[in-house]
Amino acid sequence: MRTVRALAFFLLGLMVWEGLVLTGFWSHVLLPSPLDVARYLGRAVADGSLAAAVLVTIRRLLLGYAVGLCLGLPLGLLVARFRLFADTIGVMALGLQTLPSVCWIPLALLWFGQTEGAMTFVVVMGTIWSIILATSHGLRSVPPIYVRAARTMGSRGLHTAVFVTLPAALPFITTGMKQGWAFAWRSLMAAEIYVTILTGFGLGHLLHYGRELHAMDQVLGVMLVIVLVGLCVDKALFSRVERFLHRRWGTGT
Amino acid sequence: MPTEETSVQEALENIQPSKISVRGVTKSFRSSRRRLVALDDVSLDLAEGEFVVLVGPSGCGKSTLLNVIAGLERPDTGEVLVDGTAVGNPGRDRMLMFQDAALFPWLDVEGNVLFGLRLKPNLDRKARREVATFYLRMVGLEEFRRAAIHELSGGMKQRVALARSLAPNPRVLLMDEPFGALDAMTREQLYRDLQEIWQARRKTILFVTHNVREAVCLGDRVVLMTPRPGRVREQFPVHLPRPRDISGIDVARLASQITATLGRHLERVADGGES
């Protein structure tokens with residue numbers, strides 16, 4: 001029933017779109033019809049350019065995100081645990097989180113050249129700050145009574161950290177990771193649209209060349225793919241964790 | 001045949017409850033403006049398997065005393081001896097229960113009971129589960145083993161917390177107002193259950209409450225404490241037969257007597273005789 005409802009909604013959207021195009025109010029150059037977009041996607045799938053671009057983009061994204069996590073989680077732990085890190089790294093994270101990661105592109109190009117390194121750098125800068133902040137906030141919000149209860153049961157140091165503090169902070173950390181993922185995705189698209197990289201042709205580039213060639217069917221088609229990829233990853237990566245959290249914590253529905 | 005593994009039988013065996021001796025314990029907390037003496041030269045002895053209840057108004061240091069015995073806080077002076085050994089850190093021989101059940105929401109009911117058992121050496125997975133099942137059955141929640149914590153009522157949560165505390169087979173049970181947040185009917189059931197479990201499992205229990213009736217209903221002895229500074233004032237042995245009923249007339253009589261005594265002590269404090 002819910003699937004049907006969702007499908008009906010998107011179908012209706014497509015019909016309105018097609019209807020608008022059919023009125024002829026906008027030129028085809030400005031607003032291609034859904035069929036044009038579908039035709040472009042068909043061509044791109046057939047010649048393999050779409051799959052190749054998706055692969056390149058996903059690889060960059062996963063790499064940057066993984067680096068962001070590997071640096072962000074321990075740093076978040078330090079910020080939560082030590083005043084020194086809270087006053088330094090914590091403040092820096094708060095500041096840099098507000099900086100759109102596109103702003104890093106000029107520096108990234110200067111430092112890394114037109115390489116994968118520049119891409120990874122921009123993605124890491126996009127994710128790491130929100131992960132640090134969410135992790136430290138999550139760890140600090142753990143009710144102290146959990147730790148006391150664990151200690152009376154004989155839990156100490158590392159055991160407490162891994163089996164009590166970390167799972168207790170999991171809802172916050174998951175939110176942070178999800179936000180970090182969204183930021184990573186955005187940063188990468190900005191970087192790919194902005195920078196021509198010689199080592200790989202991603203979705204952003206596909207979109208960029210669509211603009212250069214004034215092929216709005218391509219622009220819209222790539223946008224659609226970007227949305228779909230984001231949605232799929234969200235479902236694959238986070239939905240299960242979130243369902244588990246909701247079930248155990250009794251939040252949500 | 002002797003083995004390295006502890007058998008379930010051994011893990012469930014009734015072990016000797018501890019003797020506790022609190023000697024001249026003083027503990028103060030410093031806030032930004034003043035120094036609060038939570039415990040002032042408190043001495044108290046608990047015999048093996050005795051059920052002692054600390055009563056007193058808020059701020060009399062009864063929870064602090066419990067934390068000191070548990071090893072979660074260190075006294076400024078004095079010491080706590082459990083079976084003749086000074087208490088340093090928290091240990092599995094002394095389990096502490098809180099007013100908030102403090103169950104871990106990321107684990108299910110059984111997972112919570114297993115938490116302390118996992119930290120106990122020489123128990124394999126199967127033995128741990130058997131022990132957990134034994135205690136869940138004891139508190140009447142066996143069929144809720146897979147339930148999430150948020151699905152339980154307040155009373156059920158405290159039952160799980162009780163099972164979790166009992167599972168590692170401690171010698172001492174320290175209970176910090178465990179029933180304070182429950183409704184009256186749930187509490188009365190738990191009074192009955194706790195007395196039964198205490199008799200079945202032979203623990204030394206130190207129970208903190210500010211409900212005098214609850215104290216008389218549960219304790220072999222009621223220890224009255226007064227605040228500012230926290231001191232032990234008087235002790236009342238309770239010789240009533242068990243199981244006791246909280247609404248029993250004998251319980252009520254002794255409770256009102258203790259309440260009257262407490263009132264006199266508090267007046268004296270309020271008169272400024274001490275500070």
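Every value quoted in this text rests on a predicted model; they were computed, and no experiment measured them. Reminder, nothing fancy here: chain letters follow the sequence lines and each chain counts from 1.
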So for [X], is it side chain, backbone, both, or neither that comes closer than 4.5 Å to the heavy atoms of chain A?
| X | result |
| --- | --- |
| B:Leu96 | both |
| B:Arg94 | backbone |
| B:Leu117 | neither |
| B:Asp108 | both |

* Could you tell me which non-hydrogen atom of B:Gly49 sits nearest to which non-hydrogen atom of B:Trp198, and how far apart they are? => O-CZ2, 3.2 Å
* To do: Check whether A:Arg156 gets within reach of chain B through its side chain, its backbone, both or neither, counting any heavy atom under 4.5 Å.
  => side chain
* What part of A:Phe163 gets closer than 4.5 Å to chain B, counting heavy atoms only: side chain, backbone, both or neither? -> both
* Asked: Salt bridge check: are B:Lys157 and B:Asp100 linked by an N-O gap of less than 4.0 Å?
  -> no
* Quick one: do A:Glu242 and A:Lys178 make a salt bridge, cutoff under 4.0 Å? -> yes
* To do: Please say whether the positively charged group of B:Arg164, taken as NZ for Lys or CZ for Arg, lies over the ring of B:Phe104, i.e. under 6.0 angstrom from the six-membered ring centre and within 45 degrees of the axis.
  => yes
* Donor-acceptor pair, side chain of A:Trp111 and main chain of A:Ala118, under 3.5 angstrom -> no
* chain A contacts, top residue of B:Ala161, B:Ala102, B:Gly71, B:Ala147 (heavy-atom pairs, under 4.5 Å) -> B:Ala102
* To do: Just give me the residue among B:Pro105, B:Pro168, B:Ala148 that pairs up with chain A most often, heavy atom to heavy atom, under 4.5 Å.
  => B:Pro105
* side chain to side chain contact (heavy atoms under 4.5 Å, CB included) partner of B:Leu44, the single match among B:Leu65, B:Ile20, B:Val25 -> B:Leu65
* Asked: Is the closest side-chain donor-acceptor distance between B:Arg145 and B:Asn112 under 3.5 Å?
  -> no
* To do: Under 4.5 Å, counting heavy-atom pairs only, tell me which of A:Pro143, A:Pro167, A:Gly154, A:Ala149 racks up the most with chain B.
  => A:Pro167
